[in-house]
**Q** 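Following this message is one structure expressed as structure tokens.
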Amino acid sequence: MNRNMIRLLLSKLLLIEAVILVIPLLVSLFYQESIRDILAYLYTIAILLVVGGAGLFFKPLHHRIYAKEGVIIVAMCWILWSFFGSLPFVFSGRIPSLIDAFFEVSSGFTTTGATIIPDLAILNHSFIFWRSCTHLIGGMGVLVFALAIMDNKKNSNLEVMQAEVPGPVFGKVVSKLRDTAQILYIIYLFMFVVFAIILFVAGMPIFDSIVIAMGTAGTGGFTVYNDGIAHYNSQLITYLVSIGVTVFGINFNLYYFLLLRKLKAFFGDEELRTYLGIIAVATILITINVFHIYHSWEMSFRMAFFQVTNIITTTGFGYGDVSHWPLFSEYILLLLMAIGGSAGSTAGGLKVIRGLILYRISKNQILSNLYPNRVLSLHVNGSLVDTETQNKVLKYLTIYVAIIMGLIFIISLNTENLLTAFSAVFSCFNNIGPMLGTTDTFAIFSPGSKLLLSLAMIAGRLEIYPMLLIFLPRTWSKR
């Protein structure tokens, strides 16, 4: 194992976080916040500079890293960024508990949007900005962001990017990996800026439009006010946010194809069509099911479309209380929690492409009983999905279900409501945000449960394996 290379890269990543924290520091200075808030950022930046700078003294003999190092770097980076990113909340006293602050920032970087804060009035402008800024950075991936800006030509970053980018298959849009990261982030940030401008033009204050746009781009869900998007009391803004999260739940590689005018590759993508089809069907079913509550087809559709798009893209912006919805509609939302958005997007969940592959594997298994001598192949977008990829998807599903069941078993010790325990685990592990069955925040759970759910959020964002592997002794062996 190339331990010095791991230390070197993690040190560089901590220094990058120190630079990023300058942004909320400037926001704090702009809004003339208290000296304690300003010092909270300065203390954190100083600690990051010391810790990160110390790691630069470890000079690796060679710069090559393999799968093992890639897994460790990815998992440790997300844990360390969440830990150090939580320190301003603790130093300022805004969130005195380190575990609570770690939960909040883990939720931000993993774009989960779950919160332990019952009243956002305890946060001022800079902390509201910082927690949503974590959405923007974590949406496309902390390591993808770092890869896009770091000059590390001697190092092979493929193992790192493969370990972080969501989806069963990793694909580069161009031959050079760093160029791929830069292209994806340029597209991502351009779309974020455009959406922020659209929200501002639609009547949202400039600060709010930036914060909500960061939450939309990262499909995270942190807002400025306790009542979320409902605070603006605007049909236009509600529809814009619904459309925005839908757009950011699409594989970003497809947007690159769209820029190249490869319209057939974009509109012909099976995952995209399935993703949009699921949204359409779920919205129609819930609209019909909740009509007796709102007594208006437009409002029923607006509420259904907002909740469906926010749940399937694992954004979780708040808009009203769905705990009084019929069980049928809540069950649909639970299914959408599991499905998630597209691979290669900022959304979490199992991913639509995996669901599509699992459906076709099941279909082939059923047909094999009818036609035992027939050779059944599986294709997606006209390409053959080999047996190895199919097995990976099945193995992932097995581990995914096992972890969720284990987490529910532990979290159920903390609540008497099965739906709350079930949706809390689903919400965190699939990076969604809100819970069903309660209007409370995650503050209702014990410190141990919150720490476990924080790690579950990171595991879900990294698609399980990196977080599991760092706890195996074999991963840390010198071989």
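Since this is a predicted model, take the numbers as computed values, not measurements.
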**Q** How many angstroms lie between atom CG of Asn233 and atom OG1 of Thr238, to the nearest 0.5 angstrom?
**A** 8.5 Å
**Q** Verify the distance criterion only: is there a donor paired with an acceptor across the side chains of Tyr275 and Asn251 at less than 3.5 Å?
**A** no
**Q** Considering all heavy atoms of both residues, which atom of Phe442 and which atom of Ala114 are nearest to each other, and what is their separation?
**A** CE1-CB, 3.4 Å
**Q** Examine distances only and state if a side-chain atom of Ser300 and a backbone atom of Trp297 form a donor-acceptor pair shorter than 3.5 Å.
**A** no
**Q** Are Met299 and Gln235 packed together at the side-chain level, in the sense that at least one heavy-atom pair is separated by less than 4.5 angstrom?
**A** no
**Q** Check whether any side-chain N or O of Asn430 sits under 3.5 Å from a backbone N or O of Gly348 as a donor-acceptor pair, and report yes or no.
**A** no
**Q** Are any non-hydrogen side-chain atoms of Leu333 and Leu336 less than 4.5 angstrom apart?
**A** yes
**Q** Would you check if Asn289 and Leu285 make a side-chain contact, meaning some heavy-atom pair closer than 4.5 Å?
**A** no
**Q** Over 60° means perpendicular and under 30° means parallel, so tell me whether Tyr294 and Trp325 are parallel, tilted or perpendicular.
**A** perpendicular
**Q** Can you give me every donor-acceptor pair (side chain of residues 187-197, partner residue at least two apart or in another chain, under 3.5 Å) with its distance?
**A**
from, atom 1, to, atom 2, distance (Å)
Tyr188, OH, Leu136, O, 2.7

**Q** Say whether, by atom type as modelled, one donor and one acceptor occur between the side chain of Asn417 and the main chain of Thr420 under 3.5 angstrom.
**A** yes
**Q** At what distance, to the nearest 0.5 angstrom, does CG of Leu356 lie from CG of Leu378?
**A** 8.0 Å
**Q** Contact between Ile183 and Ile186 at the side-chain level, heavy atoms closer than 4.5 Å - yes or no?
**A** no
**Q** Please find the pair of heavy atoms, one from Phe445 and one from Ala424, that lie closest to each other, and give the distance.
**A** CZ-CB, 3.8 Å
**Q** Any sub-3.5 Å donor-acceptor pair from Trp81's side-chain atoms to Leu13's backbone N or O?
**A** yes
**Q** Hey, does the side chain of Tyr255 reach the backbone of Ile250 with a donor-acceptor pair shorter than 3.5 angstrom?
**A** no
**Q** With a 6.0 Å cut-off on ring centres, are Tyr319 and Phe306 close enough?
**A** yes
**Q** Say whether, by atom type as modelled, one donor and one acceptor occur between the side chain of Thr309 and the main chain of Val245 under 3.5 angstrom.
**A** no
**Q** If you apply the rule ring-ring contact (aromatic ring centres under 6.0 Å, His included), what do you find for Phe83 with Phe102, and how did you get there?
**A** CA-CA 6 Å; Phe83 172 77; Phe102 180 71; 7.1 Å; no
**Q** Quick one: CD1 on Ile117 to CD1 on Ile128, what's the gap to the nearest 0.5 Å?
**A** 8.5 Å
**Q** Under a 4.5 Å cut-off applied to non-hydrogen side-chain atoms, are Ile212 and Val241 in contact?
**A** yes
**Q** Under the side chain to side chain donor-acceptor pair (under 3.5 Å) criterion, do Asp269 and Asn381 qualify, and how do the steps go?
**A** CA-CA 6 Å; Asp269 185 75; Asn381 290 329; 2.9 Å; yes
**Q** Please list all pairs passing the ring pair (Phe, Tyr, Trp, His ring centres under 6.0 Å) test where one or both residues lie in residues 392-424, with sequence neighbours left out.
**A** Tyr400-Phe429, Phe422-Phe426
**Q** Return the CG to OG1 distance between Leu199 and Thr216, rounded to the nearest 0.5 Å.
**A** 6.5 Å
**Q** CG/Leu9 to CE/Met76 distance, rounded to the nearest 0.5 angstrom?
**A** 13.5 Å
**Q** Between Asn310 (side chain) and Phe317 (backbone), is there a donor-acceptor pair under 3.5 Å?
**A** yes
**Q** Looking at Ser107 and Phe103, would you say the former's side chain and the latter's main chain have a donor-acceptor pair under 3.5 Å?
**A** no
**Q** Would a 4.5 Å heavy-atom cut-off, applied to side chains only, mark Val385 and Val393 as touching?
**A** no
**Q** Evaluate Lys450 against Glu104 for salt bridge (charged side-chain N to carboxylate O under 4.0 Å, His left out), listing each step before the verdict.
**A** CA-CA 10 Å; Lys450 282 182 279 193; Glu104 196 75 14; over 6 Å; no
**Q** Let me see the working for Thr219 and Thr346 under side chain to side chain donor-acceptor pair (under 3.5 Å), right down to the final yes or no.
**A** CA-CA 6 Å; Thr219 58; Thr346 60; 3.1 Å; yes
**Q** Just by distance, do the side chain of Asn431 and the backbone of Arg461 share a donor-acceptor pair under 3.5 Å?
**A** yes
**Q** Between Gly268 and Arg273, which heavy-atom pair has the shortest distance, and what is it?
**A** O-NH1, 2.8 Å
**Q** Using a strict cut-off of less than 4.0 Å between a Lys/Arg side-chain nitrogen and an Asp/Glu carboxylate oxygen, indicate whether Arg354 and Glu271 qualify as a salt bridge.
**A** no
**Q** Are Ser446 and Asn414 packed together at the side-chain level, in the sense that at least one heavy-atom pair is separated by less than 4.5 angstrom?
**A** yes
**Q** Strictly distance-based, threshold 3.5 Å: is any side-chain N or O of Thr112 a donor or acceptor partner for the main-chain N or O of Gly108?
**A** no
**Q** Taking atom CD1 of Ile79 and atom CZ of Phe109, what is their separation to the nearest 0.5 Å?
**A** 13.0 Å
**Q** Would you say the side chain of Val105 lies within less than 4.5 Å of the side chain of Arg131, judging by non-hydrogen atoms?
**A** no
